[in-house]
K.L.:
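Quick one: the structure is below, and I'll ask about it shortly.
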Amino acid sequence: MAAISPASSGSPSGAASNVREERLRTIVREELARLQSSAQGNASTSLEAQPHNPSTDLHQREAVAQQIEAYRGAGAITDAQMQELQADIAQLDDASRKQMMSKLIRALNSGEIKGRL
Amino acid sequence: MKKQRLIAMGALVLTSSAALAGLVTITPVSVTVNPDTSGSALGSMSAARFSKNDVEYIGCGVRRIDTGAGVVVFGFCQASTAAGVLGFCSSESPDLIASIGDQDDYSFITFSWDSAGICRGIGNSTQSFYIPSK
């Protein structure tokens with residue numbers, strides 16, 4: 001997995017901040033896609049019957065957690081970014097999905113991430 | 001004398017119009033956040049929408065996402081008071097998500113959440129008195 005550090009704090013509307021966020025998001029999404037592709041390639045059964053790979057689940061969860069941390073660092077998330085983030089959260093296993101959704105909601109409730117669901 | 005009569009008639013018409021409008025209740029959005037970060041929110045959608053500020057809102061929604069291995073359904077509610085106090089929650093409970101579908105344009109909405117941000121209750125009441133007066 002690529003090393004990703006949360007975006008530094010700053011104005012969420014700044015151009016540099018946006019570029020940094022976009023770059024982070026691209027990296028995380030590429031990583032998620034790679035992990036999902038790898039998991040599907042290794043499976044010999046249908047997707048419905050496919051057991052979760054704990055290692056892949058962990059990596060996917062970490063990637064989503066890093067996205068949330070990046071948005072926390074930026075201080076804001078747009079509606080489009082929120083949709084994409086939720087789409088990524090939906091890909092996680094049950095436990096990770098609940099954990100990451102909780103992390104996101106708590107960040108919204110605390111005001112650390114300004115945005116809407 | 002004629003002028004006084006006209007004023008009296010005008011007052012009567014205005015009073016009658018007000019009486020015919022029915023009961024109107026304006027309930028601004030209120031959000032309570034507890035020390036453990038659990039909380040609750042309430043308010044009518046019409047009061048929020050027609051409030052004299054640009055931060056107040058309340059509502060719930062559902063997002064269905066096809067992951068390729070099935071459809072994940074998130075229900076969520078969110079609110080902001082005029083002062084910017086925020087409340088959010090999400091749920092995968094089919095019963096709570098079903099209650100979101102019961103909401104209407106003029107619903108009075110309530111929701112509560114636990115310290116993890118999970119919705120613990122979602123309610124609505126759709127009444128004539130939440131419809132704004134003309």
Side-chain angles (χ1 to χ4, degrees), chain A residues 32-33 35-43 45-53 56-57 60-61 64 68 71-72 75-77 79-117, chain B residues 29 31-41 45 48-49 54-81 83-94 96-97 100 109 111-120 122:
Chain A
L32 273 173
L35 289 165
Q36 284 159 9
S37 171
S38 169
Q40 285 165 12
N42 293 336
T45 55
S46 69
L47 279 172
E48 287 76 5
Q50 181 182 309
H52 278 284
N53 178 326
T56 304
D57 289 346
Q60 287 184 323
R61 190 179 68 206
V64 169
I68 295 172
Y71 288 123
R72 196 199 298 260
I77 184 169
D79 290 351
Q81 289 168 336
M82 178 63 82
Q83 283 195 38
E84 288 184 12
L85 178 58
Q86 288 195 29
D88 290 341
I89 291 174
Q91 298 287 341
L92 302 174
D93 64 280
D94 284 2
S96 298
R97 192 171 66 241
K98 288 179 172 60
Q99 191 180 351
M100 289 301 105
M101 189 54 92
S102 173
K103 184 181 177 74
L104 172 62
I105 297 291
R106 281 183 282 121
L108 289 167
N109 273 328
S110 68
E112 290 172 300
I113 298 178
K114 301 224 176 298
R116 288 183 297 269
L117 289 167
Chain B
V29 175
V31 175
T32 302
V33 180
N34 302 316
D36 69 350
T37 71
S38 64
S40 60
M45 295 219 288
R49 178 63 185 84
D54 60 358
V55 294
E56 196 173 342
Y57 64 82
I58 190 164
C60 297
V62 178
R63 189 160 284 151
R64 293 179 172 82
I65 300 165
D66 187 346
T67 65
V71 176
V72 172
V73 185
F74 294 120
F76 62 91
C77 292
Q78 54 193 348
S80 170
T81 68
V85 181
L86 301 167
F88 295 87
C89 73
S90 74
S91 175
E92 293 187 34
S93 157
L96 291 184
I97 290 169
I100 293 172
I109 293 173
F111 63 93
S112 60
W113 62 93
D114 64 17
S115 58
I118 306 300
C119 300
R120 289 302 170 201
I122 299 173

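What you are looking at is a predicted structure, and each value in this text was computed from that prediction instead of being measured. Chain A is the first sequence line, chain B the second, and so forth, proteins listed ahead of strands; every chain is numbered from 1.
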K.L.:
Taking every heavy-atom pair that is under 4.5 Å apart, which of B:Gly39, B:Ala116, B:Gly87, B:Cys89 has the most such pairs with chain A?
P.N.:
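With the most close heavy-atom pairs to chain A, the winner is B:Ala116.
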K.L.:
Just checking heavy atoms, which of residues 56-64 of chain B are less than 4.5 Å from chain A?
P.N.:
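Contacts with chain A: B:Tyr57, B:Arg63.
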K.L.:
Rounded to the nearest 0.5 Å, what separates atom CD in B:Gln78 from atom CG in A:Leu108?
P.N.:
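Answer rounded to 0.5 Å: 8.5 Å.
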K.L.:
Who wins among A:Ser110, A:Gly111, A:Ala90 for the most heavy-atom pairs under 4.5 Å with chain B?
P.N.:
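Sorted descending by pairs with chain B, the first entry is A:Ala90.
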K.L.:
When heavy-atom pairs shorter than 4.5 Å are enumerated against chain B, which of A:Arg106, A:Gln86, A:Arg116 gives the highest number?
P.N.:
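Among A:Arg106, A:Gln86, A:Arg116, the one with the most close pairs to chain B is A:Gln86.
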K.L.:
So, do B:Trp113 and A:Asn109 sit near enough that their side-chain heavy atoms are less than 4.5 Å apart?
P.N.:
yes
K.L.:
Quick check on B:Ser80 against chain A: is it the side chain, the backbone, both or neither that has a heavy atom closer than 4.5 Å?
P.N.:
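No part of B:Ser80 comes within 4.5 Å of chain A.
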K.L.:
Kindly determine whether A:Leu117 and B:Phe74 satisfy side chain to side chain contact (heavy atoms under 4.5 Å, CB included), including the steps that lead there.
P.N.:
CA-CA 10 Å; A:Leu117 289 167; B:Phe74 294 120; over 6 Å; no
K.L.:
Would you indicate whether the side-chain heavy atoms of B:Glu92 and A:Met101 approach each other to under 4.5 Å?
P.N.:
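The answer is no, as the side chains (C-beta and beyond) never meet within the 4.5 Å cut-off.
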